[in-house]
Amino acid sequence: MNISIIGAGSWASAIADFLSKENKILMYTRNIEDVDNINKLHINKKYFPDLKLNKNIKATNNLEKLLDNDIIINAIPTQAIRDVLGKIKDKLDGKILINLSKGIELETYKRVSEIINDLNPNCTYAILTGPSHAEEVIKKMPTALLCACEDEEVAIKIQNLFSKDYLRVYRSTDVIGSEIGGAIKNVLAFGIGMVTGLGFGDNTKAAIMTRGIYEMNKFAISQGANPKSINGLCGIGDLIVTATSMHSRNNRCGILFGKGYSLEEACKKVKTVIEGIPTTKALYELSLKENIDLPITKEIYKVIYEKADPKKSVEILMSRDKKSEY
């Protein structure tokens with residue numbers, strides 16, 4: 001099978017490596033140097049310089065060339081999707097588009113499936129999500145993922161495509177819950193990293209994680225998600241891996257921010273897009289618009305965008321009105 005991947009970051013490369021054993025992969029990257037490194041040297045120099053990629057993986061900086069394949073995988077950040085895929089939107093008819101990105105679009109407050117529907121409602125959308133560090137998948141460490149698609153037959157097709165001895169894929173028809181879980185866990189991971197950087201301990205992190213799951217579920221249900229989804233791989237599972245590991249860019253950035261680095265400095269040190277930062281803004285503004293109380297998200301937003309004192313934000317959360325847990 002021939003498969004296209006839009007993007008050449010770490011997760012795109014791990015997925016390309018995984019699929020290349022039995023399929024031919026064409027990756028898109030704007031950088032001509034990255035194209036040459038992949039095509040001639042068979043390496044992704046920026047993310048995996050010591051790993052030889054399968055010769056079945058090729059690269060191009062021409063988006064049009066991706067359209068020869070029926071399966072297209074999106075691996076570029078959420079905030080860039082409308083611009084990049086907008087250039088080929090009229091040629092997505094009949095394609096299966098599998099999304100790997102996690103976030104909520106600024107200004108429109110739309111999930112990725114809604115962005116794709118705006119661009120071209122005639123392609124079939126699916127999301128592949130769950131607790132998965134590229135650095136571990138590319139080393140063939142056992143990993144479980146979730147494929148969500150409203151068309152269960154397509155979900156089964158993707159499930160079969162991605163299932164191997166070290167990668168187990170479950171399926172769901174709840175696209176809404178799967179996208180919301182993946183988006184909000186980045187917000188919470190940044191916040192948990194921040195309190196780690198401030199010097200707070202495991203008790204604090206566990207409290208934010210647990211109440212954050214409640215917040216995530218509350219928001220997901222308000223958007224029409226299946227109440228069970230957040231308790232699975234797309235919610236709790238993804239939050240655990242993102243909020244507790246130094247592989248997590250959102251967690252690492254939050255730690256640096258908590259230690260006193262400016263947001264710009266922290267992002268530069270992590271050297272990649274931090275999806276949780278714009279998603280915090282989009283989620284908070286959407287919660288205000290729809291009158292949904294998300295106290296943890298609110299405080300993370302205030303610290304990032306209003307320069308609030310993070311220790312004061314922790315105090316505010318601890319002094320909220322006493323209430324039943326549920």
Only pairs at least two apart or in different chains count here, so list each side chain to side chain donor-acceptor pair (under 3.5 Å) that has a residue in residues 44-61.
Ser13-Asn44
Residues, nucleotides or ligands: over 12 heavy atoms within 6.0 Å of Tyr261 OH:
no
Give a yes or no answer on whether the side chain of Thr143 reaches the backbone of Met141 with a donor-acceptor pair at less than 3.5 Å.
yes
Using links of under 4.5 Å between side-chain heavy atoms of ILVMFWY residues, direct or through other members, which residues join Val273 in one cluster?
none
Is the number of heavy atoms from other residues, nucleotides or ligands within 6.0 Å of CG (Asp93) greater than 12?
yes
Straight-line distance of Met27 CE to Ile15 CD1, nearest 0.5 Å:
10.0 Å
Any Leu53 side-chain heavy atom under 4.5 Å of Ile43 side chain
no
When the ring planes of Phe190 and Phe257 are compared, do they come out parallel, tilted or perpendicular, using 30° and 60° as the limits?
tilted
Taking atom NZ of Lys157 as the centre, report whether more than 12 heavy atoms of other residues, nucleotides or ligands fall under 6.0 Å from it.
no
Sub-3.5 Å donor-acceptor pair from the side chain of Asn37 to the main-chain atoms of Glu33, do we have one?
yes
Salt-bridge contact Lys91-Glu64 (side-chain N to carboxylate O under 4.0 Å):
yes
Would you list the pairs meeting salt bridge (Lys or Arg N to Asp or Glu O under 4.0 Å) in which at least one residue belongs to residues 11-22, sequence neighbours left out?
Asp17-Lys21, Glu22-Lys164
Shared-cluster residues of Val175, by chain and number - hydrophobic side chains joined below 4.5 Å:
Ile6, Leu26, Tyr28, Leu63, Leu66, Leu67, Ile72, Ile76, Ile81, Val84, Leu85, Ile88, Leu92, Leu97, Val112, Ile115, Ile116, Leu119, Tyr125, Ile127
On a heavy-atom basis, which atom in Gly212 and which in Ile296 lie closest, and how many Å separate them?
N-CD1, 3.6 Å
Electrostatic pair Glu285:Lys281 at N-O distance under 4.0 angstrom
yes
With a 4.5 Å cut-off on side-chain heavy-atom distances among I, L, V, M, F, W and Y, is there a chain of contacts connecting Leu167 to Leu161?
yes
Backbone N or O of Ile230 within a donor-acceptor pair of the Asn217 side chain at under 3.5 Å?
no
Taking atom CD1 of Ile208 and atom CG of Asn203, what is their separation to the nearest 0.5 Å?
11.5 Å
Heavy-atom closest contact (Leu146 atom, Ser172 atom, distance)
CD1-CB, 3.8 Å
Short side-chain to backbone donor-acceptor contact, Thr204 and Phe200, under 3.5 Å
no
Pairs satisfying salt bridge (Lys or Arg N to Asp or Glu O under 4.0 Å), at least one member in residues 213-233, at least two apart
none
Can you establish whether the number of heavy atoms outside Tyr170 located under 6.0 Å from its atom OH is more than 12?
no
Assess the side chains of Asp68 and Asn2: does a donor N or O sit below 3.5 Å from an acceptor N or O?
no
Lys95 atom NZ, over 12 foreign heavy atoms within 6.0 Å
yes
Any pair counted as salt bridge (Lys or Arg N to Asp or Glu O under 4.0 Å), so long as it reaches residues 116-133, sequence neighbours left out
Arg82-Asp118, Lys110-Asp118
For the atom pair OG (Ser313) and CD1 (Ile304), what is the distance rounded to the nearest 0.5 Å?
10.5 Å
Under 3.5 Å donor-acceptor pairs involving side-chain atoms of residues 232-245, not counting sequence neighbours:
unit_1 : atom_1 : unit_2 : atom_2 : d
Asp238 : OD1    : Thr242 : OG1    : 3.4
Asp238 : OD2    : Lys102 : NZ     : 2.7
Thr242 : OG1    : Lys185 : NZ     : 3.1
Thr242 : OG1    : Asp238 : O      : 2.7
Thr244 : OG1    : Ile240 : O      : 2.5
Ser245 : OG     : His133 : NE2    : 3.2
Ser245 : OG     : His247 : N      : 3.0

Approximate separation, where rounding is to 0.5 Å, of Tyr109 OH and Ser287 OG:
9.5 Å
Closer than 3.5 angstrom, by distance alone: can the side chain of Ser132 be matched with the main-chain N or O of Gly130 as a donor-acceptor pair?
yes
Has Asn69 got a side-chain atom pairing as donor or acceptor with Ile71's backbone, closer than 3.5 angstrom?
no
Strictly distance-based, threshold 3.5 Å: is any side-chain N or O of Glu275 a donor or acceptor partner for the main-chain N or O of Ser101?
no
What is the minimum heavy-atom distance between Lys205 and Ile192, and which atoms define it?
CG-CG2, 3.7 Å
Are Ile277 and Cys253 packed together at the side-chain level, in the sense that at least one heavy-atom pair is separated by less than 4.5 angstrom?
yes
Residues passing the side chain to side chain contact (heavy atoms under 4.5 Å, CB included) test with Ser319, sequence neighbours excluded, are none
Please list, chain by chain and in numerical order, all residues satisfying side chain to side chain contact (heavy atoms under 4.5 Å, CB included) with Glu290, sequence neighbours excluded.
Gln223, Leu286, Ile292
Under a side-chain separation threshold of 4.5 Å, the hydrophobic residues clustered together with Val35 are Ile32
Keeping Gln79 on the side-chain end and Leu106 on the backbone end, is there a donor-acceptor pair under 3.5 Å?
yes
Going by side chain to side chain contact (heavy atoms under 4.5 Å, CB included), name the residues that satisfy it together with Arg252, two or more places apart in sequence or in a different chain.
Met246, Val270
Which distance, rounded to the nearest 0.5 Å, do you find between the CD1 of Ile104 and the CD1 of Ile184?
6.0 Å
Verify whether the ring centers belonging to Tyr284 and Tyr305 lie closer than 6.0 Å.
no
Minimal heavy-atom distance between Cys147 and Ala126, with the atoms involved, is SG-CB, 4.4 Å
Pro310 and Met194: which non-hydrogen atoms are nearest, and at how many Å?
CB-SD, 4.2 Å
Side-chain (Asn23) to main-chain (Leu19) donor-acceptor, under 3.5 angstrom:
yes
Where Leu128 and Leu100 come nearest, the two heavy atoms and their spacing
CB-CD2, 3.8 Å
Mark yes or no for whether Thr279, through its side chain, and Gly276, through its backbone, hold a donor-acceptor pair below 3.5 Å.
no
Where at least one partner belongs to residues 128-156, residue pairs that pass salt bridge (Lys or Arg N to Asp or Glu O under 4.0 Å), sequence neighbours excluded:
Glu152-Arg171
Any heavy-atom pair between the side chains of Ile138 and Phe18 that's under 4.5 Å?
no
Path from Leu198 to Val303 over hydrophobic side-chain contacts below 4.5 Å
yes
Look at atom CD of Glu107 and say whether more than 12 heavy atoms of other residues, nucleotides or ligands are closer to it than 6.0 Å.
no
If Ile, Leu, Val, Met, Phe, Trp and Tyr residues are connected whenever their side-chain heavy atoms lie under 4.5 Å apart, and connections chain through other members, are Tyr214 and Phe219 in the same group?
no
Consider only side-chain heavy atoms of I, L, V, M, F, W and Y, link residues closer than 4.5 Å, and tell whether Leu188 and Ile274 are in one cluster.
yes
Note: Glu264-Lys268 ion pair, threshold 4.0 Å (strictly below)
yes
Going from OG1 on Thr29 to CG on Asp34, what distance comes out if it is rounded to the nearest 0.5 angstrom?
4.5 Å
State, yes or no, whether a side-chain contact exists between Lys24 and Ile3 at a heavy-atom distance under 4.5 Å.
no
